[in-house]
Each structure stands twice: as C-alpha cells, then as structure tokens.
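To start, the structure under review is shown below, and the notes come after it.
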Amino acid sequence: MPAETMEELVSLCKRRGFIFPGSDIYGGLQGTYDFGPLGVELKNNLKAAWWRSMIYERDDVEGLDSSILTHKLVLRHSGHEATFSDPLVDNRESKKRYRLDHLLKEQTPDVLEAIATALKLENTISALVAGLLAHADAGTVLTNAKVIEPGEKKPSAWTQPRLFNMMFKTTVGPVVDEDSYAYLRPETAQGIFVNFKNVVDSTSRKLPFGIAQIGKSFRNEITPRNFIFRVREFEQMELEFFCVPGTDEEWHDKWLEARIEWWQSVGLSRDRIQIFDVPKEDLSHYSKRTYDLMYKYPSIGFEEIEGIANRTDFDLGSHTKNQESYALQAKVEPNADSTEKLSISHPETQKPIIPFVIEPSAGVDRGVLAVLTEAYTKETLENGEERIVLKLRPHLAPIKVAVIPLAKNREEITSVAKSLKAKLQKLGLGRVLYEDTGNIGKAYRRHDEVGTPFCITVDFDTIGQGKDGDSSLMDTVTIRDRDTMAQQRLNMNDLEQFLREKLR
RNA sequence: GCGGGAGUAACUCAGCUGGUAGAGUGCAACCUUGCCAAGGUUGAUGUCGAGAGUUCGAAUCUCUUCUCCCGCUCCA
C-alpha cells in the first residue's frame with residue numbers, strides 16, 4: 001500500500017534525511033527544497049537510471065549539459081518572454097483572480113470599446129492588455145468600463161492588473177544596467193535547441209535522433225505547493241527527439257509507450273499512471289499535441305509527472321536564421337538575431353529541412369516524489385507491531401547494504417564488520433554503510449525505513465565463536481532481505497556474487 | 001493575491017481563563033554470549049517561527065511579518 005498522505009512522506013523525508021525545506025534555519029524560502037544525505041543518493045540514482053536508458057541503452061540519443069544562465073534572445077525567440085508572463089487582475093468583490101487576457105475575452109464588444117476609448121488605443125486584446133498594464137489606474141478603467149465578473153455576469157470592481165513574470169532574471173557582469181540581464185532557464189530544452197547545430201556537426205548524426213539533458217530549471221510559480229511537487233527551482237530530465245516531419249506522430253506514440261515503461265521500471269505501478277491527452281486550448285505555445293503522464297500522488301491525486309509534447313518545428317524554426325528558406329509548419333516570429341541555420345539533411349532527399357521534435361520532459365523531483373510514494377509501505381507484523389518499509393527498487397536505494405556488528409563492544413566482531421564494509425564498498429555497487437547505532441533490531445528497522453535492500457550482520461559465528469564452542473560457521477554472515485525480513489547465511493566470499501545479482 | 005487552518009525538541013504532539021516548558025518516539029555514550037524499533041544505566045537538545053506591543057510577568061492576549069496545509073486563482 002503506497003503512501004496515502006503527503007504528510008507522512010514529508011515527515012519521513014525530514015526525519016531520515018531525504019528532503020529538507022530550503023533555507024530552513026531562516027524560516028524557509030517558499031518553493032525551494034534541499035536534498036539531504038539520502039535524498040541526494042536517491043535522486044542521483046533516478047537520474048542515472050534515466051541517463052542509462054536514454055543514452056547508453058539506445059543508439060540514437062546523445063547527451064548534453066548546457067548552462068543555466070541563458071541569453072535573453074534565446075528566451076525571446078523561444079516565445080518564453082512573451083508567454084511566460086501572465087497579467088493577473090483581482091476582482092474586489094468576488095475575490096477571484098483572472099488572467100487579464102482571459103477576462104477581456106469574456107467581455108462584450110462594447111465593454112472592450114469603452115476600454116479602448118478610455119486608453120485611446122486600438123481595440124485588440126493584446127493592445128488592451130499592454131495598455132492596461134502600462135496605465136497607472138487601470139483598475140478604475142476596468143471598473144468604469146463595466147467589465148463583468150464572468151462567474152456572475154455582472155459588472156464589478158477590479159484591481160490594478162499586475163504582471164507575474166514566470167522567468168527569473170539575473171544580472172550578468174559587474175555593471176548593472178538595463179541591458180545586462182540574462183535569464184535562469186525555465187526549461188532545459190532551449191539549451192538543446194541552441195546546441196542543435198553543435199551536436200549535429202560534432203557527431204554526424206542523421207535523422208531521427210535525440211539529444212537528452214538533465215538539469216535545473218527555474219520558474220517563478222505564483223503558488224508553489226505540495227512539497228516538492230511544484231517548486232520554483234527544480235530539475236528536469238528532457239529529451240528532444242528530432243525526426244522527419246510526417247513521422248512525428250508515430251514517434252510521439254512510441255515515446256509515450258517507452259516512457260510509461262520506464263516509469264514502471266523504477267517501481268511505479270501502471271494503475272497509478274494515467275495518460276492525459278491535453279485539450280487544444282490548453283496546449284503550450286509551441287505544442288501541436290501533448291500527452292501528460294499523470295501519477296497518483298498522495299493527498300493531491302493524479303498530477304503531471306511528465307509531459308510528452310509534439311513541439312513540431314517551432315523551436316528550431318524560431319531559432320534558425322533564414323526562416324523563409326524552409327517550409328516551416330509552425331507559426332514563428334521573424335528572427336534577425338540568429339547566426340546559424342538549424343537545418344539537417346532529409347535522410348532521403350538530402351535537402352536541408354527543419355525537423356520536427358518530440359519532447360518527453362520529466363520532472364526529477366516529481367519522479368523522486370512518485371518513487372517515494374510508491375515505495376512507502378506500512379506493514380503490520382505478526383506480533384502486531386507496525387513497520388515502515390521503503391520498498392525501493394534496489395538500483396534506486398540510497399544505501400545498498402548495511403554491515404552491522406551484532407555486538408559493538410567486541411573488537412573481534414567490529415573489526416571484521418569494518419573490513420567487510422570496506423571490501424563491499426569497493427565493488428562499486430553504490431553506498432555501503434557500517435551501522436552500529438542502537439541494537440540489531442533498531443538497525444534493521446532504521447534501514448527498512450530508508451529502503452536499504454540488504455543488511456549483513458557479523459556475529460559470533462562469523463569469528464568462530466558460536467554457541468557451545470561451535471566454529472563450523474566461521475567466515476559466514478547473515479544477510480537479511482528488506483522486504484521479507486528473511487535471513488540466510490552466506491560465506492563472506494560469496495557475497496559479491498549474491499549482491500551483484502540482487503542489486504542490478 | 002483572497003478566504004480558512006496551523007507553526008512548541010529531530011519526529012508526533014500536550015501545555016486551560018497570562019505565572020517563566022513537558023510526554024512518547026528518536027538521538028548520543030556506556031553495559032549486554034547475542035537477530036527484528038529487545039533490556040539496563042546515563043545524557044544532550046527548545047530564543048515556543050520571527051519582530052513589535054499590552055502587562056509586574058506572554059508559548060498563551062493584540063498587531064505586523066515569514067513559512068506550511070486546504071480552497072479559489074494560476075501553472076512544463
């Protein structure tokens with residue numbers, strides 16, 4: 001039974017060192033979280049699994065790590081400057097908040113005409129939005145124009161509209177002036193698009209192929225919520241898969257299947273994943289069609305864990321120079337700034353074309369949250385006691401093996417345990433921990449709670465001092481399975497093979 | 001941003017109409033011929049989210065602010 005409430009996960013994460021609130025000792029900074037000693041292992045393991053499946057186990061994807069600081073022209077031509085800011089306005093009476101452009105679309109023509117007249121502007125939605133944002137007393141203009149509250153269909157009183165820019169700006173270089181800013185990227189994808197030519201030139205890739213990247217992105221969310229689900233600084237695992245126009249829909253479906261399979265390979269159950277075919281009117285500015293993979297999170301229910309978008313030729317088309325020489329299908333803004341043609345040869349005709357792009361874009365933090373949700377298990381044991389176990393897939397577990405001395409005041413035992421720990425650590429399986437806190441029972445439970453798949457215990461038999469002077473079990477240890485709690489005795493020399501098999 | 005709820009030890013929480021902070025678990029050290037949060041001894045930890053005010057005295061009352069949760073709004 002996976003976790004049922006977010007609270008129990010938050011509590012475990014804090015208690016055991018997975019995830020802490022950001023800037024904690026100063027009261028926290030909204031929308032930021034820090035990954036603790038176990039959280040960083042889990043997150044790294046998840047990213048490594050993705051990287052392996054995307055790049056090593058396929059023959060058609062290259063990796064990339066582009067910078068977070070991004071030239072403003074990149075995000076201007078990508079359309080983010082224009083679309084990643086929402087003008088919002090509040091209704092003073094109903095206390096509801098609307099996007100200004102959405103609100104204007106709900107109005108009758110004479111209301112819009114009244115606003116246009118008051119502002120002495122042409123009567124288009126975009127002109128009115130811009131004019132209202134620039135006007136010092138726009139709230140009064142809206143109210144006087146008898147803008148209706150859509151819910152009640154009645155004129156109402158409105159506040160000054162304000163712009164919520166979703167992109168973080170920062171100053172680059174020592175001189176602070178109006179033009180010396182850059183953005184923290186709102187998606188890793190743009191780093192891939194602007195490196196398209198570099199990758200093609202340096203790897204001699206042909207269509208179809210992909211470029212994958214894992215990295216931080218930043219969005220100034222209006223309302224960060226729900227633990228690490230919606231945060232302002234987050235990590236993405238994105239693939240931009242370039243293909244011949246006309247084959248894009250087929251690839252879109254293939255990637256949808258591949259991504260669902262991958263999420264299952266990290267432990268998510270199929271019945272907690274839903275596919276959401278995003279309706280046309282909700283699509284992003286670059287997308288022709290998007291499937292959202294929705295995972296059933298605790299407390300909040302089905303929410304997006306990955307978006308698989310058909311970005312058409314919008315991005316490369318927007319960033320390329322000489323746009324007019326390609327038969328672009330997406331509607332793009334003119335680009336007089338770009339210095340490169342972002343085309344590639346059509347595999348059959350050899351003519352330069354701008355490829356279509358299928359983008360599976362997954363949230364690392366949302367993935368970690370889903371994996372934790374699914375692994376979290378509360379069991380009632382035979383003796384009536386409750387046990388919390390993280391049934392993580394072994395390849396994701398932060399700690400792979402804990403080596404425990406049965407008695408920590410016996411040097412013969414602790415020294416064997418310590419050297420066994422060092423020996424196992426060298427196998428490169430991941431983190432191996434020497435564990436001597438509390439007593440043996442507590443050590444087991446503690447490792448159940450953080451998902452350690454195996455606990456190895458060095459006891460008196462190991463050092464040839466079994467009961468009644470029995471030395472037949474010399475050099476053997478017990479190894480305990482996290483999920484079944486069953487133990488078996490193995491010679492220390494057989495541990496490597498055992499663990500290599502089980503931790504794959 | 002609005003409405004509602006909440007912030008006390010690492011976690012879960014108690015602390016009444018103001019009188020100077022507690023429990024359980026956890027954590028640390030030591031002991032234990034022994035294996036499923038076992039037992040024993042000892043120990044540490046709080047600016048009671050922050051700031052200001054009222055008061056002889058504030059965890060408790062008032063104001064401001066920050067953070068979290070729920071709803072609205074918004075959202076790859």
Side-chain angles (χ1 to χ4, degrees), chain A residues 5-8 10-17 20-32 80 83-84 86-99 102-103 151 159-160 162 164 166 186-189 217 219-227 229-230 232 234 236 238 278 282-287 290 292 299-300 303-309 311 359-363 366 381-383 385-388 404-410 413 437-449 455 457-461 465-469 478 480 485-487 489:
Chain A
T5 66
M6 202 66 96
E7 288 72 38
E8 56 191 344
V10 173
S11 168
L12 174 73
C13 285
K14 174 107 196 260
R15 188 156 35 92
R16 291 304 191 189
F20 312 122
S23 306
D24 205 6
I25 64 167
Y26 290 104
L29 176 65
Q30 207 184 8
T32 62
H80 285 85
T83 62
F84 255 53
D86 293 333
L88 300 179
V89 58
D90 293 318
N91 184 304
R92 291 185 191 279
E93 288 158 25
S94 70
K95 303 295 183 195
K96 290 194 172 173
R97 170 180 287 174
Y98 294 90
R99 256 175 68 169
H102 288 182
L103 181 68
T159 65
Q160 175 75 26
R162 281 159 311 161
F164 278 73
M166 304 270 294
E187 59 171 8
T188 60
S217 291
R219 290 183 198 177
N220 196 7
E221 296 287 348
I222 299 167
T223 315
R225 273 286 166 89
N226 299 317
F227 197 35
F229 182 80
R230 175 167 292 121
R232 294 198 164 119
F234 59 102
Q236 294 183 300
E238 290 194 306
V278 179
D282 293 342
L283 291 173
S284 316
H285 64 280
Y286 49 71
S287 173
T290 298
D292 282 347
S299 301
I300 57 177
E303 291 287 349
E304 184 183 358
I305 188 171
E306 172 160 354
I308 303 162
R311 294 182 74 134
E359 174 198 72
S361 168
R366 291 178 178 188
L381 303 177
E382 284 174 17
N383 62 10
E385 289 205 14
E386 202 169 70
R387 160 176 105 123
I388 293 174
I404 308 169
L406 186 60
K408 61 179 168 179
N409 61 340
R410 296 291 295 259
I413 288 181
T437 53
N439 57 52
I440 187 76
K442 289 182 185 180
Y444 287 155
R445 291 300 171 81
R446 167 203 276 269
H447 281 281
D448 286 343
E449 213 175 55
C455 287
T457 301
V458 174
D459 59 14
F460 291 87
D461 289 318
Q465 294 179 24
K467 282 207 166 91
D468 307 319
T478 62
R480 170 190 180 272
M485 307 202 301
Q487 283 177 280
R489 204 163 253 287

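Throughout, a chain's letter reflects where its sequence line sits, starting with A, and its residues are numbered from 1.
- At the heavy-atom level, A:Q487 lies under 4.0 Å from base atoms of the strands shown.
- Taking for each of A:D459 and A:S11 the nucleotide of RNA chain B with the nearest heavy atom, the 5'-most of the two is the partner of A:S11.
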- Task: Heavy atoms under 4.0 Å is the rule here; annotate nucleotides 24-31 of chain B 5' to 3' with B where the base is hit, S where only the sugar-phosphate is, and - elsewhere.
- Result: ---SS--S
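- Looking at which nucleotide of RNA chain B each of A:R489 and A:Y286 is closest to, the 5′-most match is held by A:R489.
- Of all non-hydrogen atoms in A:I413 and A:L406, the two that sit nearest each other are CG2-N, 3.9 Å.
- Searching all strands for a Watson-Crick or G-U wobble partner of B:A28 with both distances below 3.5 Å returns B:U42.
- With a cut-off of 3.5 Å on both pairing distances, the Watson-Crick or G-U wobble partner of B:U12 is B:A23.
- Across all strands shown, B:C35 forms no Watson-Crick or G-U wobble pair with both distances under 3.5 Å.
- Taking atom P in both B:U55 and B:C74, the straight-line distance is 48 Å, to the nearest Å.
- The residue A:E359 sits apart from the nucleic acid: no heavy atom pair falls under 4.0 Å.
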- Can you list the steps and then say if A:E238 with A:R311 is a salt bridge (Lys or Arg N to Asp or Glu O under 4.0 Å)? CA-CA 13 Å; A:E238 290 194 306; A:R311 294 182 74 134; 5.2 Å; no
Please tabulate, one pair per line, each protein N/O and nucleotide N/O from nucleotides 64-70 of chain B that are separated by under 3.5 Å, including the distance.
from  : atom 1 : to     : atom 2 : distance (Å)
B:U67 : O4'    : A:G27  : O      : 3.3
B:C68 : OP2    : A:Q30  : NE2    : 3.1
B:C69 : OP1    : A:N226 : N      : 3.3
B:C69 : OP1    : A:F227 : N      : 3.3
B:C70 : OP1    : A:N226 : OD1    : 3.2
B:C70 : OP2    : A:N226 : OD1    : 3.3
B:C70 : N4     : A:R225 : NH2    : 3.0

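- Rounded to a whole Å, the CZ atom of A:R480 is 10 Å from the P atom of B:A37.
- Note on A:R410: a base of the nucleic acid sits closer than 4.0 angstrom, heavy atoms only.
- If you measure from atom OH of A:Y444 to atom P of B:C36, you get 8 Å, rounded to the nearest angstrom.
- Nucleotide B:G3 has B:C70 as its partner under the Watson-Crick or G-U criteria, with both atom distances under 3.5 Å.
- The distance between atom CD1 of A:I440 and atom P of B:G39, rounded to the nearest whole Å, is 15 Å.
- Whole-Å rounding puts the A:K14 NZ to B:A10 P distance at 7 Å.
- Across all strands shown, A:E449 has heavy atoms under 4.0 Å from base atoms, whether or not it also approaches the sugar-phosphate.
- Interatomic distance, A:R446 CZ to A:C455 SG, rounded to the nearest 0.5 Å: 11.0 Å.
- Taking atom P on both nucleotides, B:A52 is separated from B:C69 by 28 Å, rounded to a whole Å.
- Note on ring orientation: taking the six-membered ring where Trp is involved, the planes of A:H285 and A:H80 are perpendicular (angle over 60°, cut-offs 30° and 60°).
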